[in-house]
Amino acid sequence: MSDAAHAGPVIVWFRRDLRLMDNPALHAAAESGRPVIPLHVLDETPAVRAPGAAALWWLDKSLRALATDLEARGSRLILRRGEAAAIVADLAESTGAGSVLWNRLYDGGAIARDTALKSALKARGVAAESFNAGLLSEPWMLKTKTGEPYKVFTPHLKALRGSIGDVTLHRAPDRLAPPSHWPVSDNLDGWALHPTRPDWSGGFDDWTPGEAGAHARLHTFLDDELADYSRARDAPGSEGSSRLSAHLHWGEIGPRQVWRAAEAAVHRHPHLQSAADKFLAELAWREFNHQILFHHPDLATANYKPAFDRFPWSEGRKGLAAWKRGQTGYPMVDAGMRQLWTTGFMHNRVRMIAASFLIKHLLIDWRIGERWFWDTLVDADEANNPANWQWVAGSGADASPFFRIFSPMGQGERFDADGAYVRRWVPELARLDARYIHAPWTAPDAALAEAGVALGETYPRPIVDHPVARERALEAFKHLRI
């Protein structure tokens, strides 16, 4: 830190790094020996994308956990709401802070905000420094031989693996020196991040936001689930995914911690190497998406491939409403959409099926689906959410081609052969024979009657015919002339 850093307290501006371990900004503040003022701002800067409702539910619980952890170290979490740059600058002035530290974010709105804030603070004689806590590699670091950012995942993965080296993690501070006077803080309850009237979060009980919950989830996954990951990650009827995505998004655990823990698990149990490689590739996909976002800050609103600007999207309001409610008549799609609404989460395989259905069966713009996921996913992420939607649409980087159109029935038969996933989330089909559960309209009348299914009454008939929708999508794709 510069000499200015020693003139007063150090403000640590927590954003999506809601943890004490391996938090470079917090570590630097603690090492300075100065009083530390932890701060979180519910940012209302217009250019910064506001979290969706499900993500705010998570943030409420994560902030409570962080506040408790800080209190155990003689500190407290100061909460403010409004445009973050002005709030941080005003707090630095009112507390006489000599330094403001934070960990970097990589979406365009946050970068512009933070760059302007750094300049404003330094103009006032306040040191401002940022660190990398959220990625394994800064998004500008890895480049092709021609000096360009990677546009294809596999070579990016290879370069990332070669760049990591030894991972050094910072311990959580044992104690943080308090300031002589604590600044005024908002009351978290006053932010009303937890839904009421109605409280739609009753199905979110399986989640444990916060740093302790993140570490518990990681160790449960590595100890009990990693061995079967290669198979179970594609089986929505089992809990085969790591379920770390929301913890990573809010920075309750960092990717360096996850990477190192996975390598340690392999060191103890070498037979886990193949499964760990699969898992770490998913972590690397997150890195790839953040690199894409950094170089394409309009990723959530503009096609990565401009050719898709010519695509003839349909309004399809009735189809969109049925998709959101899980009433399309395609059980795998409906199961996923109902899991999403109930739990704030959807299995990754089913995310692809549901997204493909909206884009290719209904010809609805991927941006509309991206916004729905943004509001309903607890792990909605500025990079992953739009990048994955564009991947399904075929408009993104290293994307699945548009003409790869998932059959909801075929996907169900392959990845949910016994119908366990559908039976859980579409209970009106729970008694239907597995032979028909992914295409109930093909079941004989006797099988439907025995299962208590009345198509069009207890469960909808398909809102589109799969072969017709597929041909319509392929015809629309011809307009792009790719």
Side-chain angles (χ1 to χ4, degrees), residues 54 203-204 206-207 225 228-246 278 282 285-286 319-320 322-362 364 366 368-381 384-393 399-400 404-430 432 434 437-440 459-460 462-464 466 469:
F204 288 27
D206 286 346
W207 298 111
E225 300 162 5
D228 198 34
Y229 179 73
S230 297
R231 180 201 65 82
R233 63 191 288 269
D234 272 326
S238 65
E239 297 292 353
S241 62
S242 73
R243 296 173 71 87
L244 285 168
S245 50
K278 287 276 189 183
E282 294 298 315
W285 179 255
R286 175 180 180 270
L320 175 63
W323 178 80
K324 289 180 177 180
R325 296 195 308 266
Q327 295 286 339
T328 67
Y330 287 89
M332 278 297 282
V333 175
D334 294 342
M337 298 306 294
R338 296 183 194 187
Q339 181 189 24
L340 171 61
W341 182 255
T342 302
T343 69
F345 184 79
M346 190 191 301
H347 186 279
N348 184 62
R349 167 60 55 176
V350 189
R351 292 188 197 200
M352 292 188 285
I353 298 169
S356 178
F357 185 87
L358 183 76
I359 295 167
K360 299 173 184 181
H361 283 70
L362 302 182
I364 291 176
W366 62 265
I368 294 173
E370 193 275 341
R371 288 195 293 270
W372 181 251
F373 273 28
W374 179 259
D375 196 44
T376 53
L377 281 170
V378 293
D379 64 5
D381 181 87
N384 291 338
N385 201 49
N388 288 335
W389 271 92
Q390 292 222 48
W391 184 88
V392 174
S400 172
R404 182 187 179 193
I405 300 173
F406 281 140
S407 160
M409 303 82 70
Q411 290 286 304
E413 291 165 2
R414 180 178 178 185
F415 297 109
D416 187 38
D418 61 358
Y421 182 71
V422 166
R423 294 180 204 282
R424 178 177 180 183
W425 295 110
V426 189
E428 56 266 49
L429 299 179
L432 191 59
I437 198 164
H438 294 295
Y459 184 70
I463 60 173
V464 290
H466 172 67

Item checked: Rounded distance [0.5 Å steps], CH2 in W366 versus NZ in K360 -> 14.0 Å

Next item on the list: Supply the atom-to-atom distance S238 OG to R233 CZ, rounded to the nearest 0.5 angstrom.
Entry: 12.0 Å

Check: At their closest point, which heavy atom of V422 faces which heavy atom of M332, and how far apart are they?
Finding: CG2-SD, 3.9 Å

Note to self: Please tell me whether W323 and D334 have a donor and an acceptor in their side chains that are separated by less than 3.5 angstrom.
What the structure shows: no

Next item on the list: Evaluate the side-chain proximity of H438 to P408: yes if any heavy-atom separation is below 4.5 Å, no if none is.
Entry: no

Check: Any side-chain donor-acceptor pair under 3.5 Å between Q327 and Y459?
Finding: no

Check: How far apart are the C-alpha atoms of D206 and F345, what are their side-chain angles, what is the distance that settles it, and do they pass the side chain to side chain contact (heavy atoms under 4.5 Å, CB included) test?
Finding: CA-CA 11 Å; D206 286 346; F345 184 79; over 6 Å; no

Check: Going through the distances and angles, do W425 and T343 end up as a side chain to side chain contact (heavy atoms under 4.5 Å, CB included)?
Finding: CA-CA 11 Å; W425 295 110; T343 69; 3.5 Å; yes

Margin query: Quick check for you: to the nearest 0.5 Å, what is the distance between E282 atom CD and K278 atom NZ?
Written below: 8.5 Å

Item checked: Y421 six-ring centre to R349 NZ/CZ under 6.0 Å and within 45° of normal -> no

Checklist line | Test log, rule salt bridge (Lys or Arg N to Asp or Glu O under 4.0 Å), inputs D234 and R351 | finding: CA-CA 11 Å; D234 272 326; R351 292 188 197 200; over 6 Å; no

Next item on the list: Look only at the side chain of S356 and the backbone of M352, and say whether a donor-acceptor pair between them is shorter than 3.5 Å.
Entry: no

Item checked: Close side-chain approach of L320 and W372, heavy atoms under 4.5 Å -> no

Item checked: CA sep, side-chain torsions, deciding dist, call: R325, M337, side chain to side chain contact (heavy atoms under 4.5 Å, CB included) -> CA-CA 7 Å; R325 296 195 308 266; M337 298 306 294; over 6 Å; no

Checklist line | Flag, side chain of R423 to backbone of L432, donor-acceptor distance under 3.5 Å | finding: yes

Check: Closest heavy-atom contact between A354 and M346?
Finding: CB-SD, 4.1 Å

Check: Going by heavy atoms in the side chains, are W285 and N388 under 4.5 Å from each other?
Finding: yes

Next item on the list: Measure the spacing between CG of L340 and CG of L377 and express it to the nearest 0.5 Å.
Entry: 5.0 Å

Note to self: To the nearest 0.5 Å, what is the distance between CG on N348 and OG on S241?
What the structure shows: 8.0 Å

Check: Does P440 reach the side chain of P331, with side-chain heavy atoms less than 4.5 Å apart?
Finding: yes

Next item on the list: Apply side chain to side chain contact (heavy atoms under 4.5 Å, CB included) to I463 and L362, showing your working.
Entry: CA-CA 9 Å; I463 60 173; L362 302 182; 4.0 Å; yes

Notebook entry, point to check: Hey, does the Lys NZ or Arg CZ of R243 hover above the aromatic six-ring of W207, less than 6.0 Å from the centre and inside 45° of the axis?
Noted result: yes

Check: Which heavy atom of F204 sits nearest a heavy atom of V378, and at what distance?
Finding: CE2-CG1, 3.8 Å

Checklist line | Interatomic distance, W389 atom CH2 to N384 atom CG [nearest 0.5 angstrom] | finding: 14.5 Å

Notebook entry, point to check: Quick check: does any side chain N or O of N385 sit under 3.5 Å from a backbone N or O of F373, one acting as donor and the other as acceptor?
Noted result: no

Check: Taking the six-membered ring for Trp, is the centroid-to-centroid distance between Y330 and F357 below 6.0 Å?
Finding: yes

Item checked: Member of H347, Q411, R424 meeting the side chain to side chain contact (heavy atoms under 4.5 Å, CB included) criterion with P236 -> H347

Notebook entry, point to check: Is R338 salt-bridged to E428, going by a charged N under 4.0 Å from an acidic O?
Noted result: yes

